[in-house]
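This report refers to the structure that appears directly beneath it.
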Amino acid sequence: MTQYRFWSGLHTIGGNIMEVQTDQARVICDFGLSVGGDTGQVDETLSELEFLLATNQLPSIPYLYETESFKKIKLASVNESTFKTTLFISHLHLDHMGGLQYLPEGTVVYLSEEAYRLYDVLIRVGEENPSKADIRLFDFDTAVQVSDITVTPKWSDHDSVGCSAFFIETNELKLIHSGDVRLNGEHPERIIKWANEAKVWSPDVLLLEGTSFSFDGEKKQASEEPVSEKELLQKWGELLQDDPDSIILYNPYIRNVERIKSIAEETELYGRKMVFESAYAEVLHAFYPEKKWRILESDQIEVKEYVQEIVTLQDLTQHPSHYVLQNSYKNKETVTYFNKGNYVHSNGEPLGDYDKRYAELLHFLEMHQFSFIQMGTSGHATREDLLTIAEIVGAKQTIPWHSFKPEVFQQRLIENGLASFIPEVNKNYLAKQKTEIVIIE
């Protein structure tokens, strides 16, 4: 018998956690933190994990956590489990992997080699917390056997390196977990490849993220411009030419390694020197060990083999037009050293206007005569691209999730001749002979 269940992420962007379970084992896909949970006051005596469960930032999944010390929540402990549980992580964004640090020692978790490399360096630079889990690497297109469940990772594309889709098969079910996808990035061919392979494979269920269906009309996500990585580089080049006299501060997301490298290379082509905080240089070095980077001087700096030059704040203030400085939100006070300038926000923290720090940042920049320039692009496919992917795959059922409005996505799927339904959290869906799906109350 095979059944699958959704633990979270059906009406939110992120926090997507689902499982496929047989009589012998279960596979859980992604394990991120949900930003839509209730974060009201909770007993301060609760552990961090129990607080996250109590506020629905992580789901209360039985037989997964060590729960013996819990004070409020009654939940079966991992120590009571009689079957094997294995996790697969599609990519290294917090809403898909932020819960790894709360897993018990020995929990088996699979990542791609590139995702693990990013995870490892983020831990080293203090941008990620270590996990006690047994983290293993998979190879794309190579099946991983978890008792009677077969998981085959497929190379995909998102704005985080090493991202994956998963083809999951049991005796009764063929299911695809798309992960987060886009066709406007560096590697759209990867997604088209696995979608065409899926068409031949003939899946029963496709779980497809629907971020772009979260917003009214064709409103661009978080008012982001431009819409592709190629166009973003073009806009960056225009900025370098349009205002050649002012300092430019650049705030990217540290996990978007490919974009940061491209921006640095484009900056140098236009005659400016790109300067990084040491943590960002360390992350870049993990993926491009042959390159050297300019580092901003600080008290904690350690000169390493990949450091091309150490640049001081005095260098920047004396010759602002010669440089672009990568500047993370926690170091925004650097702005105060300059009379004016441009602050380019490229999907860095704070991630969006739902975060109160976003408005605080805008006010801070205005006070210090800095122009705020939004220059990011979404890691998520457009509406039409999502429909294209769904049509190529042609699953018996396409389930929209990872969206504030999955019902809007579902309606478009149905209009395009694709069967679709919106599941409920914490209900089991039973697969019979790879043809029929039955809800177990």
Side-chain angles (χ1 to χ4, degrees), residues 3-20 28-40 51-62 64 89-91 93-99 158 165-166 175-182 205-224 351-356 378-387 389-390 395 397-416 418-429 437 439-441:
Q3 57 192 26
Y4 60 97
R5 173 185 288 230
F6 297 86
W7 288 107
S8 57
L10 291 177
H11 289 84
T12 62
I13 297 177
N16 293 60
I17 302 175
M18 63 81 60
E19 73 172 47
V20 174
I28 295 175
C29 285
D30 282 349
F31 198 61
L33 298 172
S34 173
V35 297
D38 173 17
T39 57
F51 172 81
L52 292 173
L53 298 178
T55 55
N56 298 314
Q57 295 178 72
L58 277 175
S60 296
I61 303 176
L64 183 64
I89 304 300
S90 65
H91 64 284
H93 282 167
L94 289 171
D95 59 331
H96 291 261
M97 53 69 65
H158 186 41
F166 299 115
L175 180 146
I176 294 175
H177 182 292
S178 75
D180 287 354
V181 295
R182 61 177 181 172
V205 179
L206 167 63
L207 310 182
L208 186 57
E209 68 113 321
T211 304
S212 60
F213 283 94
S214 297
F215 308 99
D216 294 332
E218 296 300 321
K219 177 183 176 182
K220 291 183 172 60
Q221 300 160 41
S223 301
E224 291 176 345
L351 299 180
D353 54 12
Y354 58 84
D355 187 330
K356 67 177 183 179
S378 177
H380 303 280
T382 65
R383 295 182 175 198
E384 294 308 314
D385 286 346
L386 287 172
L387 292 169
I389 294 167
Q397 291 283 346
T398 301
I399 296 178
W401 67 333
H402 198 286
S403 175
F404 293 134
K405 298 180 179 179
E407 66 280 355
V408 177
F409 190 7
Q410 180 200 28
Q411 183 61 38
R412 287 293 303 276
L413 290 166
I414 293 171
E415 290 172 359
N416 285 38
L418 296 167
S420 176
F421 76 98
I422 299 177
E424 297 179 45
V425 171
N426 293 344
K427 279 197 174 182
N428 285 326
Y429 293 84
I437 298 170
I439 301 175
I440 304 174
E441 296 293 344

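The model shown is predicted, which means the values in this text are computed figures rather than measured ones.
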Between [X] and [Y], what is the shortest heavy-atom contact and its length?
| X | Y | value |
| --- | --- | --- |
| F213 | K405 | O-CB, 3.4 Å |
| T55 | Q57 | OG1-NE2, 2.8 Å |
| F409 | E209 | CE2-O, 3.7 Å |
| P423 | Y429 | CA-OH, 3.2 Å |
| M97 | H91 | CG-O, 3.7 Å |
| G14 | D95 | CA-OD2, 3.1 Å |

Within a strict 4.5 Å, meaning less than it, do heavy atoms of the [X] and [Y] side chains meet?
| X | Y | result |
| --- | --- | --- |
| S178 | I389 | no |
| Y4 | N428 | no |
| V205 | I399 | yes |
| L418 | L206 | no |
| S212 | H380 | no |

Working to the nearest 0.5 Å, report the span between [atom1] of [X] and [atom2] of [Y].
| X | Y | atom1 | atom2 | answer |
| --- | --- | --- | --- | --- |
| I89 | I28 | CD1 | CD1 | 9.5 Å |
| C29 | F6 | SG | CZ | 10.5 Å |
| R412 | T398 | CZ | OG1 | 13.5 Å |
| K427 | Q3 | NZ | CD | 13.5 Å |
| S60 | L52 | OG | CG | 10.5 Å |

Are any side-chain N or O atoms of [X] and backbone N or O atoms of [Y], one a donor and one an acceptor, separated by less than 3.5 Å?
| X | Y | answer |
| --- | --- | --- |
| S8 | G15 | yes |
| S403 | G210 | yes |
| D30 | N16 | no |
| R5 | E19 | no |

Assess, by modelled atom type and distance only, whether the side chains of E384 and T382 contain a donor and an acceptor separated by less than 3.5 Å. no
Full working for side-chain contact (heavy atoms from CB on, under 4.5 Å) between W7 and L58: CA-CA 9 Å; W7 288 107; L58 277 175; over 6 Å; no
Taking side chain to side chain contact (heavy atoms under 4.5 Å, CB included) as the definition, give me every residue that meets it alongside S420, ordered by chain and number, with sequence neighbours left out. P400, Q410, L413, I414
The single option from V181, L207, D180, L208 passing side-chain contact (heavy atoms from CB on, under 4.5 Å) against H402: D180
Parallel, tilted or perpendicular, as decided by the 30° and 60° cut-offs, for the rings of H158 and H93: perpendicular
Begin from the C-alpha positions of I176 and F166 and carry the test side-chain contact (heavy atoms from CB on, under 4.5 Å) through to its verdict. CA-CA 6 Å; I176 294 175; F166 299 115; over 6 Å; no
